[in-house]
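Encoded as structure tokens, the structure appears first; notes follow it.
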Amino acid sequence: MGAPVHGSGLRTDRPERSRRALVAGSVGNFIEWYEFGVYGYFATVIAARFFTPEGGSEVEALVKTYASFALAFFFRPVGAALFGRLGDRVGRRPVLIMVIVLMTAATTLIGVLPTYDTVGALAPWLLTFLRVLQGLSAGGEFGGAVSVMTEFAPPGSRGLYGSWQSFTVAMGLLGGAGVAALLATVLSEGQLGDWGWRLPFLLTLPMGLGALWLRLRLDETPSFESLREEPLPERPPGREVAKAIALGAGRIMGWAAAGYTFLVVLPSYLQSSLNATFQQALVATVLANLGFAATIIPAGLLSDRIGRRPVMLTGALLVTVLAVPLLNLLQNTGTSNAVKGGAVFVAGAVVGLMAGPGPAMLSEMFPTSVRYTGLGLAYALSNAVFSGCAGLIITETIKRTGSVDIPAYYAAVTCAVSVLALLTLRKEPVQGGS
């Protein structure tokens, strides 16, 4: 199924409304990935504070931390189905407002949670509950944000507009890494573990209030307004939508897996497997995210000119071929820091080739009547399995096998599968509002 399920229903509107939609749609995504990045960067600290009773092992605690991480991802499809159905029935704007409120509240509360030393076994359960709420809100965020961006996009610019969703992923992860690096620099290790880790989560509150203000000023999309004017809006058969969701998830599984492997799991991997310091791991992560950010918008723009397929295929093929050699450069003690920095930059950059056109590609697979639900579920399912489980799978497999090449194999195999799914995409450029 290379073409959309039915007519896409994408329309354009005045430039100022399009720009407002771009900002309002992307700001929630920034907050979401800022928090998920912070959780990943502070995984070892969180493990010690919430999952390590007296006498427990550090590796076991880290596995439990990533299990909580994965659980939040598995609630994304639930959020995508719940909020997506609402968004396709009552509108994109009201649902995106609900999502940002839930996301902000859950993330801020993590910053004030009592630790294991204070409330014992209740601490990990409280943290996991808030992670579930974050998963629900994150599941409802993507489908609505991408629908808003692409339904307001000018003709021939859906790839560019959709790429801002992925760009704010990079900005969110970089923001989280920047805050983590700053705290690691100005605070002692003891201060960071005692209370410093809370600050990045508490910063979500002012960011969330700003995002809420922007979304309250957002207009409903012209595509949804047109759909609401129809007496009986046409909905494609459920089986057809389900096939499109499965295919969409397959097309982006490499993006999901490689993205989280290189951009979020990398810090803990470098510390636990390659004996890097916390600061060295964060520097590597910042470089990877800079590479990721550098290629996203150019890739989205290029996909408007030559099509989604060649751009995304290039990224998936490059990860498949380069993952193991790039990781071997990091493992080699004789490799200079400059070369290692270049390796992680390139790793992030090739993922950006998939992430740039990805949102528009998913949006074009579904008509207006099921777009919020369809693209949200495709993204959430792929991320639940291949992003949310990345840290857990990699950490546990390294623990069992002793092989430090596991992250590269994981990224390469998932991208190879994505290559097969992407081959079903039509070759011609996607233009206009068809």
- Side chain Q134, main chain M103, donor-acceptor under 3.5 Å: no

- Taking all non-hydrogen atoms of both residues into account, name the closest pair between L263 and G348 and its distance. CD2-CA, 4.3 Å

- Message: Could you report the tightest heavy-atom contact between I245 and G374, atom names first, then the distance?
- Response: CG1-O, 3.7 Å

- Message: Working to the nearest 0.5 angstrom, can you tell me the gap between L174 CG and T168 OG1?
- Response: 11.5 Å

- Message: Quick check: do P200 and F42 have side-chain heavy atoms less than 4.5 Å from each other?
- Response: yes

- Heavy-atom closest pair (S387 atom, A256 atom, distance to 0.1 Å) is OG-O, 2.8 Å

- Task: Would you give the length of the straight line joining atom CD1 of I296 to atom CG of L160, rounded to the nearest 0.5 angstrom?
- Result: 12.5 Å

- Message: Using modelled atom types and a 3.5 Å cut-off, is there a donor and acceptor pairing between side-chain atoms of S147 and backbone atoms of G143?
- Response: yes

- Task: With rounding to the nearest 0.5 Å, note down the distance linking CG in L317 to CE in M354.
- Result: 9.5 Å

- Query: Side chains of S26 and Q165: do they bring a donor and an acceptor to under 3.5 Å?
  - Reply: no

- Message: Before you tell me yes or no, could you show the steps for E35 and T204 under side chain to side chain donor-acceptor pair (under 3.5 Å), namely the whole-Å CA-CA distance, both residues' side-chain angles and the distance that decides it to 0.1 Å?
- Response: CA-CA 8 Å; E35 186 282 329; T204 305; over 6 Å; no

- Side chain to side chain, T104 and L205, heavy atoms closer than 4.5 Å: yes

- Message: Please determine whether a side-chain nitrogen of the Lys or Arg among E364 and R371 lies less than 4.0 Å from a carboxylate oxygen of the Asp or Glu.
- Response: no

- Lys/Arg N to Asp/Glu carboxylate O, R92 vs E225, below 4.0 Å: no

- Are the charged groups of D219 and R20 less than 4.0 angstrom apart, N to O? yes

- Task: With sequence neighbours excluded, tell me which residues meet side-chain hydrogen bond (donor to acceptor under 3.5 Å, both in side chains) with E220.
- Result: none

- Message: Going by ring-ring contact (aromatic ring centres under 6.0 Å, His included), W33 matches just one of Y39, Y260, F292. Which one?
- Response: Y260

- Query: Donor-acceptor pair, R158 side chain versus A360 backbone, under 3.5 Å?
  - Reply: no

- Task: Applying side chain to side chain contact (heavy atoms under 4.5 Å, CB included), run through Q331 and D405 and close with a yes or a no.
- Result: CA-CA 9 Å; Q331 296 165 347; D405 289 333; 3.0 Å; yes

- Heavy atoms, side chains only, cut-off 4.5 Å: are I31 and E141 in contact? no

- Item | Sidechain-backbone polar pair: S382 side chain, A378 backbone, donor-acceptor under 3.5 Å | no

- Can you tell me if Y409 uses its side chain to pair, donor with acceptor, with the backbone of V324 under 3.5 Å? no

- Query: Can you tell me how far the CD1 atom of I100 sits from the CH2 atom of W213, to the nearest 0.5 Å?
  - Reply: 14.5 Å

- Query: Run the side chain to side chain contact (heavy atoms under 4.5 Å, CB included) check on L212 and I97 step by step: do they pass?
  - Reply: CA-CA 6 Å; L212 176 61; I97 290 172; 3.8 Å; yes

- Between L353 and P357, the two heavy atoms sitting closest are O-CD, 3.1 Å

- Task: Please check if the side chain of R76 supplies one atom and the backbone of A380 the other of a donor-acceptor pair under 3.5 Å.
- Result: no

- Mutual orientation of the aromatic rings belonging to Y379 and F142 [parallel < 30°, tilted 30-60°, perpendicular > 60°]: parallel

- side chain to side chain contact (heavy atoms under 4.5 Å, CB included) between M365 and L375: does it pass, once the steps are laid out? CA-CA 8 Å; M365 292 181 68; L375 74 89; over 6 Å; no

- Task: Rounded to the nearest 0.5 Å, what's the gap from CZ on F201 to CG on L130? Could you check?
- Result: 10.5 Å

- Task: Say whether S303 and R308, considering side chains only, have a donor N or O and an acceptor N or O under 3.5 Å apart.
- Result: yes

- Task: Would you mind reporting whether V169 and Y34 have side-chain heavy atoms less than 4.5 Å apart?
- Result: no

- Validation row: V370, P236 side chains within 4.5 angstrom (heavy atoms): yes

- salt_bridge(R17, E151) N-O dist < 4.0 Å: no

- Report yes if the side chains of L422 and R309 come closer than 4.5 Å at any heavy-atom pair, otherwise no. no

- Hey, are the side chains of S163 and L301 touching, using non-hydrogen atoms and a 4.5 Å cut-off? no

- Query: Given the side-chain rings of F30 and W164, with only the six-membered ring counted for Trp, is the space between their centroids under 6.0 Å?
  - Reply: no

- Item | Beyond-backbone contact of R251 with L362, side-chain heavy atoms, under 4.5 angstrom | no

- Going by atom types only, do T150 and S363 share a side-chain donor-acceptor pair under 3.5 Å? yes

- Task: Before giving the answer on side chain to side chain contact (heavy atoms under 4.5 Å, CB included), spell out for M98 and L86 the whole-Å C-alpha distance, their side-chain angles and the decisive distance to 0.1 Å.
- Result: CA-CA 11 Å; M98 293 167 55; L86 282 173; 4.3 Å; yes

- Task: State, to 0.1 Å, how close G358 and W255 come at their nearest heavy-atom pair, and which atoms those are.
- Result: CA-CZ3, 3.9 Å

- What one should report as the nearest heavy-atom pair of M253 and T414 is CG-O, 3.7 Å

- At what distance, to the nearest 0.5 angstrom, does CG of L96 lie from OH of Y372? 4.0 Å

